[in-house]
2 protein chains.
Amino acid sequence: MPRPSLKDQRSEQILDAYLTCVAQFGLEGATQERVAAQAGVKRPLLRHYLGNRDQMISALCAHVVQVFDGMSDEAALGLAYAGSGKDIVELLFQEEADHDPRLLLAWQALSVAVGDQPDKRDALLNSLERFLGVLTGTLQRLFPKASSAKARAVAQGVTSILVNLDSLSMLAPPQSWRDELRDGALLLLTSMEAQ
Amino acid sequence: MPRPSLKDQRSEQILDAYLTCVAQFGLEGATQERVAAQAGVKRPLLRHYLGNRDQMISALCAHVVQVFDGMSDEAALGLAYAGSGKDIVELLFQEEADHDPRLLLAWQALSVAVGDQPDKRDALLNSLERFLGVLTGTLQRLFPKASSAKARAVAQGVTSILVNLDSLSMLAPPQSWRDELRDGALLLLTSMEAQ
DNA sequence: AGATAAATTGTCAATGATGACAGTAATTAA
DNA sequence: TTAATTACTGTCATCATTGACAATTTATCT
């Protein structure tokens, strides 16, 4: 009887536009006007589908976490075939792929903006924890002789370099910096073999 | 004849309050009201000393770069006495000291917000480059046998971990994460000895 | 065709942020 | 004491952002 609901589809579309704006302008800079323009809809629609500002932020947070988790799962799939530290680096730092930095930029913007709200704070931390878990697990599989603490430390370091790479992308750093960061990650991974 | 100028002193005071607000709320969230409240002055004074919004942002950018450069110089002084990778980590990751994460948070917030303005972009990149230079130089002194490319890659990695540590500070991560990040940096530095 | 429920748009009031400037207070030199 | 210059405050106009809701359109089922 009723017109078919577009709630899921439109919500996704708007949240992705929201994510883009937050990555570019920060949370406070991502006004409803900008989000609406980015999504190609009129502003009142944002409210219709996502509610008021606070609810929009909550929804964005959940969306970022969901996308991040999806990325972690995807990485886990790829890393299952990794046979060396070099394989890991090539998978995580591939440039030919369409890895856009929006996600981690939005993740960071949210982390500084909602870090005082325990529920969102934990959700963001958990999403990062999942990625760290994937990476740590892969390292333990590849280097079973190393301590799990070492695997964990290396995973934290590699993740830091990945995050930093996306952060820097807004400054359009020279290609050499990207190479150096990738090499840094490779060195860190290589240190898993030592001793 | 004239009343003595407080321009330098007040400007510094206001810029530091501005830096604090940008670290906490992002560039767009650091409204003049908030900055004025943080600095303990009335809003019209901001305009009196720093000009309009764009000029305030430019001034903040210069201020952040200046403080960052000062930190790099200070680090250079301390690193001059470092005799091992462990010394470097202890100096850069010391917790007893009053290293507050505001600076790097504001640096990041600015980098995503003004990354499209070549002058500010270059200023921010140069400030990071100075820090990288200090760290790379120290590594070359400590490990003269390693290639300079390797020193550079390790410097990039350690810097990434430092930046990430300050980013995460807003999420109040468990102490174990901090330890793991520090250990990751130490592993990276230790890899300078290999081969 | 008509009923129903959702999608979409138009519009206005309220609040928030910035720009601008007049006006007052304070400090120093002559 | 007075002139000169700066520090500081009060206040208003303007624009941007958000919240809210009425009104319209569209798609589906009976």
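Each chain gets a letter, A, B and so on, in the order the sequences are listed, and its residues count up from 1.
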Does this structure show an ion pair linking [X] with [Y], if we count only N-O contacts that are shorter than 4.0 Å?
X: B:Arg130; Y: B:Asp73; answer: yes
X: A:Asp16; Y: A:Arg102; answer: yes
X: A:Glu28; Y: A:Arg53; answer: yes

Determine the contact category for [X]: base if any of its heavy atoms lies under 4.0 Å from a base atom, sugar-phosphate if only primed atoms, P, OP1 or OP2 are that close, otherwise nothing.
X: B:Arg43; result: base
X: B:Arg10; result: sugar-phosphate
X: B:Pro4; result: sugar-phosphate

Verify the contact: side-chain N or O of [X] to OP1 or OP2 of [N], cut-off strictly under 4.0 Å; return yes or no.
X: B:His48; N: D:dA7; answer: yes
X: A:Tyr49; N: C:dA6; answer: no
X: A:Arg47; N: D:dT18; answer: no
X: A:Gln32; N: D:dA16; answer: no

Rounded to the nearest Å, what distance is computed from the [atom1] atom of residue [X] to the [atom2] atom of nucleotide [N]?
X: A:Arg53; N: D:dA16; atom1: CZ; atom2: P; result: 18 Å
X: B:Lys7; N: D:dC8; atom1: NZ; atom2: P; result: 12 Å
X: A:Leu50; N: D:dG19; atom1: CG; atom2: C1'; result: 15 Å
X: A:Tyr18; N: D:dT18; atom1: OH; atom2: C1'; result: 12 Å
X: A:Asn52; N: D:dG19; atom1: CG; atom2: P; result: 5 Å
X: A:Asp54; N: D:dT18; atom1: CG; atom2: P; result: 11 Å
X: A:Leu45; N: D:dT18; atom1: CG; atom2: P; result: 16 Å
X: A:Leu46; N: D:dA20; atom1: CG; atom2: C1'; result: 14 Å

Query - Nucleotide of D:dT17, C:dG10, C:dA17 approaching A:Lys42 most closely (side-chain heavy atoms) - result: C:dG10
Query raised in the report: Which comes earlier along DNA chain C counting from the 5' end, the contact point of A:Pro44 or that of B:Glu28, where each point is its nearest nucleotide?
Result: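 In this pair, the answer is A:Pro44.
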Query raised in the report: Counting only heavy atoms not in B:Asp8, do more than 12 fall under 6.0 Å of its CG?
Result: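 No, CG of B:Asp8 has 12 or fewer neighbouring heavy atoms, counting only those of other groups under 6.0 Å.
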Query - Sole candidate of A:Leu186, A:Leu188, A:Val163 that passes side chain to side chain contact (heavy atoms under 4.5 Å, CB included) when paired with A:Val158 - result: A:Leu188
